[in-house]
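Step one of this worksheet: look at the structure below.
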Amino acid sequence: GDSVTQMEGPVTLSEEAFLTINCTYTATGYPSLFWYVQYPGEGLQLLLKATKADDKGSNKGFEATYRKETTSFHLEKGSVQVSDSAVYFCALKDWTGAGSYQLTFGKGTKLSVIP
Amino acid sequence: GAGVSQSPSNKVTEKGKDVELRCDPISGHTALYWYRQSLGQGLEFLIYFQGNSAPDKSGLPSDRFSAERTGGSVSTLTIQRTQQEDSAVYLCASSAGQRGTDTQYFGPGTRLTVL
């Protein structure tokens, strides 16, 4: 079945540091790829997405490029802020074969940014 | 506009009791999903509804779990004879359509604790 593997956390960075959170996937079909973010005490929010190979999703200074050849969708940000402290989830959306598209999530990476 | 809402936000119950969790999707969204977020298992797909089509129940962990969606809008997830391993945050999401590229928007979740 489909699966998503993302780097284990927690990750602690100083403000203005460069961030990379690695994400790789396996899928039977041609999935869409997503990064969701969960801020403390809040629900899951879509951060960015890419729906086909070589697409780059971007939002709030975060970027990720859909790499089909390496089955990866790594999240990057050039200069993190304290307000970026959250849990980040990589996910893919693929046909289940039972009548729907479902999201398959990685286990999440907790990011803490210190001033 | 209003996002996905869920109620209650927290539910504490005793082992063996039944519980009902409610989800109000974004108005006009035809697709509705339930997921479960637990420490041990991460985020797991449970069930999917699309319009009047038969739901995709492939993610339900046991026959104690059921869900319905009335009038193509509000959905209720029911867990019968709750067990301690059912303790988790139950998330509802909706999307405008059922295409693989459609974004799922999540509610704040219901935290279920089974004593």
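We name chains A, B, ... by the order of the sequence lines, and we start the count at 1 in each one. Computed from a predicted structure; not experimentally measured. Atom set for the values below is all heavy atoms of this structure, side chains included, hydrogens, waters and symmetry mates excluded.
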Looking only at heavy atoms, the pair that brings A:Tyr36 and B:Gln104 closest together is OH-O, 2.7 Å
**OP:** Please say whether more than 12 non-hydrogen atoms of neighbouring residues, nucleotides or ligands are located less than 6.0 Å from CD in A:Glu69.
**Re:** yes
The reported gap from CG in A:Leu103 to CZ in B:Phe106 (rounded to nearest 0.5 angstrom) is 5.5 Å
When the 4.5 angstrom heavy-atom criterion is applied to B:Phe49 and chain A, the contacting part is neither
Bottom line for B:Gln37: the part with an atom under 4.5 Å from chain A's heavy atoms is side chain
Next on the checklist: Are more than 12 heavy atoms, taken from residues, nucleotides or ligands other than B:Leu115, located less than 6.0 Å from that residue's CG atom?
Outcome noted: yes
Review point. Same cluster for B:Val114 and B:Leu21 if Ile/Leu/Val/Met/Phe/Trp/Tyr side chains link at under 4.5 Å?
Key: yes
Exercise. Decide if atom CD of A:Glu8 counts as having more than 12 heavy atoms of other residues, nucleotides or ligands within a radius under 6.0 Å.
Key: no
| query | Under a single-linkage definition using a 4.5 Å side-chain heavy-atom cutoff for Ile, Leu, Val, Met, Phe, Trp and Tyr, are B:Ile79 and B:Ile47 assigned to the same hydrophobic cluster? | reply | yes
Honestly, the part of A:Leu44 sitting under 4.5 Å from a heavy atom of chain B is both
The reported gap from OH in B:Tyr48 to CD in A:Gln102 (rounded to nearest 0.5 angstrom) is 11.5 Å
Whatever's closer than 4.5 Å to a heavy atom in chain B on A:Gln45 counts as neither
| Hydrophobic cluster membership, B:Leu43 vs A:Leu46, 4.5 Å side-chain cutoff | yes
If one checks every heavy atom of A:Tyr30 against chain B at 4.5 Å, the contacting part turns out to be neither
Are more than 12 heavy atoms from other residues, nucleotides or ligands located less than 6.0 Å from atom CZ of A:Phe62?
yes
What about the rings of B:Phe45 and A:Phe105, do their centers lie closer together than 6.0 Å? no
